[in-house]
Engineer: 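My questions will all concern the structure given below.
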Amino acid sequence: MLTTLKKILAGAEKGRYAVGAFNVNNLEIVQAVIETAVEMKSPVILQTSEGAIEYAGMDFLIAMIRVAAKAPVPVVMHLDHGKDLMLIKKAIAAGYTSVMFDGSLLPFTKNVAATKKVVAWAQAKGASVEAEIGAIKGVEDLVSVSEKEAFYTNPEEAARFAKVTRCDALAISIGTAHGAHKSKTTPQLDIARLKKIDALVKVPLVLHGASGISPELVAKTKNYCNELEDCNRLEGANGIPDAQITSAIKAGIRKINIDSDLRIAFTAGLRETIVSDHTTIDPRKLLSLSKKLTKEVVRHKMELFGSAGRA
Ligand code: G3H
Ligand code: 13P
Ligand code: ZN
């Protein structure tokens, strides 16, 4: 059933687990995520980025997520990293039950002002709002101590921000990064900072850039395509280890965003199929291993996040 981010995260707060927010761009990924949520009896957040909307169209994405939400588990339809205020307004009017306003690169007062505007629009429609304070940067190794202070979330500032904006969830920066290259070595999340933020901020906390980038799936994805630029870019890819995700949940993270792991799994399946099956021209056959591997990633996350069995 379709629900709001506020409601789903209240359950997570009570049970001290996190809910996975999976980026969806096409039918097969929507099906992989919702089928797994049903099998695992897990609440789930299906999120679409502005890029996903540009690719698939908002109406198609909404229609697919509405069908997915007929499943007997709580489902949130969420806009990920909304930066375009008009698009956010449109998403709320069209029925998204949650939107993110990403003002993380704006000065504090501008971020507050724009977030407040989005909160007012969302409240009028009963939708939730995720906001962000602190910038989620690139390679952690390159972040010096002074840069940490500039980009990582400041606990007192986060508390003030959440209080004045009245957002429903807050994304913070504690050492994760978007994409497959999170760090040159194993990333180290700033759990001490997270604990301080959790003690001061009253709303549930969100972790972006949380993919694990499993070496096994990276190897599979690179199979058959060592010559391609795309695969060379996966060389040295490094994600957030499961143990650090567990520590982050213990310290208060309640929503965890996953995209890169789904992309890597989907692509691994597609490459393997195209190379090993020289006979089919049937897209349904070409995409079936992609869906299976995507489901395996989602299953693992639901177990790791502790959301399995909570629906
Ligand atoms: O954090 C962003 C997500 O990975 C979405 O990426 O904008 O390429 O869809 P995208
Ligand atoms: P990853 O690139 O680590 O999957 O992060 C996705 C994300 O934060 C989407 O908002
Ligand atoms: Zn993100």
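Just follow the structure's listing: the first ligand is 1, and inside any ligand the first atom is 1.
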Engineer: Assess, by modelled atom type and distance only, whether the side chains of N257 and N23 contain a donor and an acceptor separated by less than 3.5 Å.
Structural biologist: no
Engineer: Nearest protein heavy-atom contact for atom 10 (P) of ligand 1: which residue, which atom, what distance?
Structural biologist: R263 NH2, 3.4 Å
Engineer: Any chance you could measure F22, atom CZ, to M302, atom CE, to the nearest 0.5 Å?
Structural biologist: 4.5 Å
Engineer: Under 4.0 Å from a heavy atom of H81: which atoms of ligand 1 are those, numbered in the order shown and with their elements?
Structural biologist: 1 (O), 2 (C)
Engineer: Let me check something: do L79 and M86 share a hydrophobic cluster, defined by ILVMFWY side-chain heavy atoms less than 4.5 Å apart, either directly or through other members?
Structural biologist: yes
Engineer: Starting from L27, can I reach L262 by hopping between I/L/V/M/F/W/Y residues whose side chains sit under 4.5 Å apart?
Structural biologist: yes
Engineer: I'd like to check which ligand 1 atoms, numbered from 1 as shown, lie under 4.0 Å from a non-hydrogen atom of D259.
Structural biologist: 3 (C), 4 (O), 5 (C), 6 (O)
Engineer: Find out whether V203 and D168 are in side-chain contact, i.e. whether some heavy atom of one side chain is under 4.5 Å from a heavy atom of the other.
Structural biologist: no
Engineer: Have a look at ligand 2 and work out which part of S49, if any, has a heavy atom under 4.0 Å from it: side chain, backbone, both or neither.
Structural biologist: neither
Engineer: Got a sec: does the OH of Y55 have more than 12 other heavy atoms crowding it under 6.0 Å?
Structural biologist: no
Engineer: Any atoms of ligand 2 less than 4.0 Å from a non-hydrogen atom of H178? List them with their elements.
Structural biologist: 2 (O), 5 (O), 6 (C), 7 (C), 8 (O), 10 (O)
Engineer: Which heavy atom of the protein is the closest neighbour of atom 2 (O) of ligand 2, given with residue, atom name and distance?
Structural biologist: S260 OG, 2.7 Å
Engineer: Could you go through I65 and M77, starting from their C-alpha distance and side-chain angles, then the distance that decides it, and tell me whether this counts as side chain to side chain contact (heavy atoms under 4.5 Å, CB included)?
Structural biologist: CA-CA 7 Å; I65 297 172; M77 191 193 303; 3.6 Å; yes
Engineer: Show the atoms of ligand 2 that are less than 4.0 angstrom away from any heavy atom in I258.
Structural biologist: 4 (O)
Engineer: Would you mind running through ligand 2 and noting each atom that sits below 4.0 Å from a heavy atom of H208?
Structural biologist: 8 (O), 10 (O)
Engineer: Side chains of N111 and T115: do they bring a donor and an acceptor to under 3.5 Å?
Structural biologist: yes
Engineer: Can you confirm whether L205 sits close enough to L207 that some side-chain heavy atom of one is under 4.5 Å from a side-chain heavy atom of the other?
Structural biologist: no
Engineer: Short N/O distance, under 3.5 Å, between S49 and ligand 1?
Structural biologist: yes
Engineer: Which atom name does H208 have for its N/O/S atom nearest to the Zn ion (ligand 3)?
Structural biologist: ND1
Engineer: Quick one: does ligand 2 sit under 4.0 Å from the side chain of D80, the backbone, both or neither, non-hydrogen atoms only?
Structural biologist: side chain
Engineer: Show the atoms of ligand 2 that are less than 4.0 angstrom away from any heavy atom in K182.
Structural biologist: 1 (P), 2 (O), 3 (O)
Engineer: For N257 and ligand 2, does the shortest N/O to N/O distance drop below 3.5 Å?
Structural biologist: yes
Engineer: Between N23 and ligand 2, is there a nitrogen or oxygen pair with a distance under 3.5 Å?
Structural biologist: no
Engineer: Which of the numbered atoms in ligand 2 are under 4.0 angstrom from any heavy atom belonging to H81?
Structural biologist: 10 (O)
Engineer: Taking side chain as C-beta onward, heavy atoms only, is K163 less than 4.5 Å from K202?
Structural biologist: no
Engineer: How close does the nearest protein non-hydrogen atom get to atom 1 (O) of ligand 1, and which residue and atom is it?
Structural biologist: H178 CD2, 3.0 Å
Engineer: Closest to the Zn ion (ligand 3), which N/O/S atom of H81 is it?
Structural biologist: NE2
Engineer: Would G209 count as being in polar contact with ligand 2, using the rule that some N or O on each side must be under 3.5 angstrom apart?
Structural biologist: yes
Engineer: Mind checking whether H208 and H81 have parallel, tilted or perpendicular rings, split at 30° and 60°?
Structural biologist: perpendicular
Engineer: At less than 4.0 angstrom from any non-hydrogen atom of N23, what atoms of ligand 1 do you find?
Structural biologist: 3 (C), 5 (C)
Engineer: Same hydrophobic cluster for V99 and L106, using side-chain heavy-atom links shorter than 4.5 Å among ILVMFWY?
Structural biologist: yes
